[in-house]
Amino acid sequence: MVKLRITVTLKKTVEDSEGDSVKKALKLLGYEGVKEVRAGKIYFITLVKGSKKTGKEFCEKLLANPVINECVVDD
Amino acid sequence: MVKLRITVTLKKTVEDSEGDSVKKALKLLGYEGVKEVRAGKIYFITLVKGSKKTGKEFCEKLLANPVINECVVDD
Amino acid sequence: MIEEEVSTIISVIGKSKEELANISKKLHLGLSAEEMSLISSYFKNEGRDPTDVEVQAIAQAWSEHCSYKSSKIHLKKYIFGIGREKVVALGDAGLVSLDDDTAIAFKMESHNHPSAIEPYGGAATGVGGILRDILSMGAQPIAVTDFLYFGTKKVKGFPDPKFIEGGVVAGIRDYGNRVGIPTVSGGIVYSEMFSPNVLVNVGCVGVVDKKKIRSSAITEPGIVLIVAGGKTGRDGIHGVNMASAVIESGEEDITTVQLGSPITKEPLIHAVLEANEKNLLFALKDLGGGGLSSVVGEMLEAGGMGGKVYLEKVPLKEASMKPWEIWISESQERMLLAVKKENVNSVLGIMEDWDITSSVIGESENGNRLRIFYNGAKVLDLESQFMTSPKLYERPSLIEEKRIVQYLPSFPNNFAKLLLGMISDRNVRTREQVVRQYDHTVRGSTVIGPLAGIVGSEGPTDASVIRPNWNKVNGVAISHGSNPFYSKIDPYSGGKAAVDETVRNLISVGAEPLGFSDCLNSGNPEKHKVMGEFVEMVKGMHDSAYSLDIPFVSGNVSFYNEAGRRRIPTFPTILGVGKVEDIRGAITPDFKDPANDIYLVGLPTTDLAGSLYFRRLKKDGGRVPYSDPRTLKGRGWNLLNAMRSGTVNSAHDVSDGGIATTISEMTVGSEIGAALDVSALGLRTDFALFSEPQSSWIVEVRSGREKEFVKYMGEDAIFLGQTQQSALAITRGEDKILTVDIDQIRKKWKRGYE
Amino acid sequence: MEEGIRVNREVKVAIIVMEGTNNEEEAYQSFKHSEATPEIIHLKKLEDRKKKLSGYDIVCFPGGFSAGDYVRAGAVMAARIKSSLMRDMEEFVESGRPVIGSCNGFQTLVELGLVPNVDGDGRLEAALAPNMSNRFEARTVYLKINRGNSLFLREFKEGEVIKLPIAHSEGRFITRDKEVLGKIIKNRMNVVSYVDGSGKEAGYPWNPNGSEHNIAGIANKNGNVLGLMPHPERVFYKYTESDWTREINGTGMGNRFFTSAVQFVREKF
Ligand SMILES: Nc1ncnc2c1ncn2[C@@H]1O[C@H](COP(=O)(O)OP(=O)(O)O)[C@@H](O)[C@H]1O
Ligand SMILES: [Mg+2]
């Protein structure tokens, strides 16, 4: 059994409205010291067999768009 | 500067429709060995100052609904 | 004079053509050597070389996307002059009249190139941009529309078509749903012709009190310029230049990718409309292609004014931006408001109330020069007229004479199977997997949406109807027409067919057509054949619209859809709006009751080129169906009168798959079938059932009103049979042609969904 | 279809919005056409104390995508209210005056702990999770009315089956535990439930999101707060119901929710 954690975020160069909106909300809740929020998606995937490479394939084929996303696979 | 990583997922007891649909999509792409996919959100938060405790407060006040979510803070 | 610290001087005076071309390339200006020479001689006259801000500004204004330099001559000749007396106003969107007080503002636009690179953001910002065009007229958006063309096979170096489709639909969904404007109409065409050149044509319709229509012209000095909405960033720089060239591969320059921010736009719509309602806006325009540069220039030029702008006052996302970047950035969700001095504080106050960033950035002046400053230094000083009037091209065109080869298919032996195949065809079957992801009831004014019929088993509609004012009974009908299959064979007839379909769809719901907007999709206009197709297309559109006396009030041209060495056919998507006098009389296609008479309004044809029937046989031959606008006008308006007098229960226009699929679709949203005899249609049975005659409808007549109906329609109505319970049965005199259960039809139509 | 004449006492409605709230127009019109006096109020004005809830008779949280629904539907709106005006909100609810939230407004009420609130301690007892279909669902649904003591449902017959539009991607009603669900049912707080055309409980797409016990809408114990995923404000008139061309007579289904509440205020306050 292989467990992968795949994190998909927006590239630094792409504006993150979700992150910005969380930042704004936290500020309004009184947290003045929030400098930056970047939001992303995370997938915990259990495979009968496979490797980090399989995870990379998932990024390419389904989970991320290379034009805007970064996709990190951890095992 | 403090950097927090906050991961919000559905509790194990709550059916994860997004995870299920990713699993289904991966199967359609020919990956038979996918046993389980759980999907979640991840926030990378930079604070001028604060700690893991501040992150926990973010979970409680905004990022998670305890009825369905789990919220993990890493620094 | 110009100081060097904040902007770079670009040396163009005395340079050779070759050197000028290189400068254009290096700075991503997208200008030809010839255009660069014009710039060079302009500055020779000024006695100095330009700054980077100046050349970038000119390049924006002169891009194909902003200037229509390859198409304008033809648009002027064929499109702009029609039905002028029916146009209420022209601008970022065009306006026609709904009633004494209200005008309808509408426009279609393509977002093809951005969507090919990043489908989600490309489609989302397409919706954002078209909403701003409607807002620019002071109008309240009431509907968003999307016509999409997806490829069916993977092309090396480009993303999978499934991935593109998912991204485009999600982008439209997430943007449209979040701004709270219903996405109610559109279309989807699947064809190899769109691999890998996906097309995303989006439209928006709005309404405005005629007394509150705003123009974008600044006609007085001392008018203050306010930028409101999103902040300005590096995103979207050189977007227009990109849309004016052929894409080489799937991955492109990152700075042009944007995702859009609907929750910035949503309050901006409210705030701008509130300011307009209170008569606080002198003029306004949206920031789209070319950014501040295009908009400030065009607003001043339109009113014969000059002006000055202070770039350091523009709210930025990134402090390190260079002046030229600020000036041409295409960051989303921004509007430029031109406001009289005494109203500035009120306008800023309204923005503040809605939690929107806004800032005064400059003002208009007498004269014809535009001057831009950055922290005290002058970085641009130009005649706005020079910027906004690029060289127009009458590019050479070649019209190919095609030989018509006839093709006669062998007579089908199983009509039921044939019909069910057509109903489940990708280009016919339900679009629920898409339209149910779009909120089509938000605003509580959707009288007819994309689906209608019994709850839980709805069928397709032809046009949507929105009731813009809860205190009135009239409605705005919205529909589209497009047939790239016909256009590919014959661009002239394809142009006419698109107009015909748009009008048919509007009449189907009981609406009188009022106006069109168009998205003209094409390839590289520098190719003579492509330009030839373009001219043929606009001629076809002209001939139809001229006969009908219905204006094109807005639109857009998208050339260079030629990625991966494959090019799309040259064809229009047309958005039409119409008026429903009383929404309580609006009509949907689902059959209403058994034992009612069914008529064909129209005549089947022997022209089958491009039809679904031939496409499924993978055959080509003969001509594409012929649309005669005079027939359309006669029949269509007679049918409209028959509808208004209450003789019609249900109506559906004949399109892909012909009479047989049309009738089948009418059974989907009801529990009712039909028993028909097609002998009266003449022709071979397959031609009678599957040909796609233009200007035709299937109509269920209200019981007891048959005579009246026939009186309205005269010889244009051919009796086919009656509605009945549960099955669709077609005969030809004594011969049984087919019998299918309507549950089976519904199942086939729903294929791939649920 | 004419605008109604104002009768008796003015009934003031606070329609609370922030960026991304986008159903306020139809909510506004629905109240206006129910002879009330609605006002659209930006949350900022309440936070800044420029407006106070106590000046109103009805509070309405309209649908939409407040703050883009980016964290979780309704979460940002609820967090802001909790941090700045929860006391006012609670007082309003305790006073017995009507509070309605549809769609995003329902999500906000749940996140605020104002419904179901079976234990009355304001702890979160429920959530609206992503639809089981994992996609946005826009369709008309059949709903069974279990009136309970909801003041919004006074004009319906017990057990009546009605049709309303839905349009959401996070509508799966989930309770904290069996106990909460049990109390909801026992107290007859599950006042609106998804059913099929014949009035029976059924699966997808009749239950469009996979809600527990087919719950589409829920009232608080006292009956003055109603949260529901469907949109009564979008079918105030018959002519915006999706199948009206098949069934032309009658008034809009949504109408009765609003007139019930406005009448209630006129009678009781
Ligand atoms: N991409 C889309 N977005 C919104 N509405 C759509 C889309 N595609 C189809 N529709 C709507 O669904 C209905 C049925 O579509 P379709 O069968 O293509 O109609 P037609 O054959 O009349 O062109 C129409 O009301 C159309 O406007
Ligand atoms: Mg049609």
Side-chain angles (χ1 to χ4, degrees), chain A residues 1-12 14 16-65 69-75, chain B residues 1-12 14 16-65 69-75:
Chain A
M1 217 57 94
V2 185
K3 290 200 175 224
L4 300 174
R5 188 182 69 191
I6 302 186
T7 312
V8 185
T9 51
L10 287 170
K11 285 185 180 167
K12 279 270 157 3
V14 180
D16 177 3
S17 353
E18 172 162 15
D20 291 347
S21 143
V22 172
K23 178 175 155 188
K24 182 178 166 191
L26 290 174
K27 289 212 160 168
L28 285 167
L29 295 181
Y31 296 96
E32 280 304 324
V34 181
K35 254 207 89 192
E36 195 191 20
V37 180
R38 302 287 297 177
K41 296 232 107 201
I42 189 159
Y43 302 93
F44 298 93
I45 303 186
T46 315
L47 298 173
V48 176
K49 70 180 216 283
S51 66
K52 247 175 114 156
K53 226 188 101 232
T54 327
K56 279 273 159 214
E57 287 175 27
F58 294 173
C59 286
E60 276 161 33
K61 295 203 176 149
L62 182 70
L63 301 176
N65 173 1
N69 293 133
E70 249 152 46
C71 196
V72 178
V73 185
D74 299 292
D75 48 10
Chain B
M1 217 54 95
V2 184
K3 293 201 173 221
L4 299 174
R5 188 183 68 190
I6 303 186
T7 312
V8 185
T9 50
L10 287 172
K11 283 182 177 170
K12 280 269 148 29
V14 178
D16 177 2
S17 52
E18 184 181 356
D20 290 348
S21 92
V22 169
K23 181 174 154 188
K24 201 170 133 196
L26 289 175
K27 290 216 160 163
L28 283 172
L29 291 176
Y31 295 97
E32 281 304 323
V34 182
K35 253 205 92 193
E36 194 190 20
V37 180
R38 302 288 297 177
K41 294 206 158 196
I42 189 159
Y43 301 95
F44 297 92
I45 303 186
T46 314
L47 299 172
V48 176
K49 69 182 217 283
S51 65
K52 246 173 113 157
K53 223 185 105 238
T54 327
K56 278 273 160 216
E57 285 176 32
F58 294 170
C59 287
E60 275 160 34
K61 292 200 176 154
L62 182 66
L63 301 178
N65 177 333
N69 295 134
E70 248 153 44
C71 195
V72 178
V73 185
D74 300 291
D75 49 8

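First the proteins, then the strands, lettered A, B, ... as listed; each starts at 1.
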Tell me which of these, A/Met1, A/Glu32, A/Arg38, has more heavy-atom pairs under 4.5 Å with chain B than the rest. A/Arg38

When only pairs under 4.5 Å are counted, which of A/Glu57, A/Lys3, A/Lys23 shares the most heavy-atom pairs with chain B? A/Glu57

Looking at side-chain heavy atoms only, is the closest gap between A/Phe44 and B/Thr7 below 4.5 Å? yes

Which value, rounded to the nearest 0.5 Å, describes the distance between A/Ile42 atom CD1 and B/Thr9 atom OG1? 8.5 Å

From the list B/Gly19, B/Ala25, B/Gly40, B/Ala39, the residue making the most non-hydrogen contacts under 4.5 Å with chain A is B/Gly40

Could you tell me which of B/Val8, B/Asp16, B/Val2, B/Leu26 has the largest number of non-hydrogen atom pairs under 4.5 Å with chain A? B/Leu26

Answer with side chain, backbone, both or neither: which region of [X] has an atom nearer than 4.5 Å to a non-hydrogen atom of chain B?
| X | result |
| --- | --- |
| A/Leu63 | side chain |
| A/Leu29 | side chain |
| A/Glu18 | side chain |

If every non-hydrogen atom of A/Val48 is compared with every non-hydrogen atom of B/Lys35, which pair is closest and at what distance? CG2-CG, 3.8 Å

Contacting region of B/Ile45 [heavy-atom separation from chain A under 4.5 Å]: both

Could you look at B/Val22 and say if it's the side chain, the backbone, both or neither that has a heavy atom under 4.5 Å from chain A? both

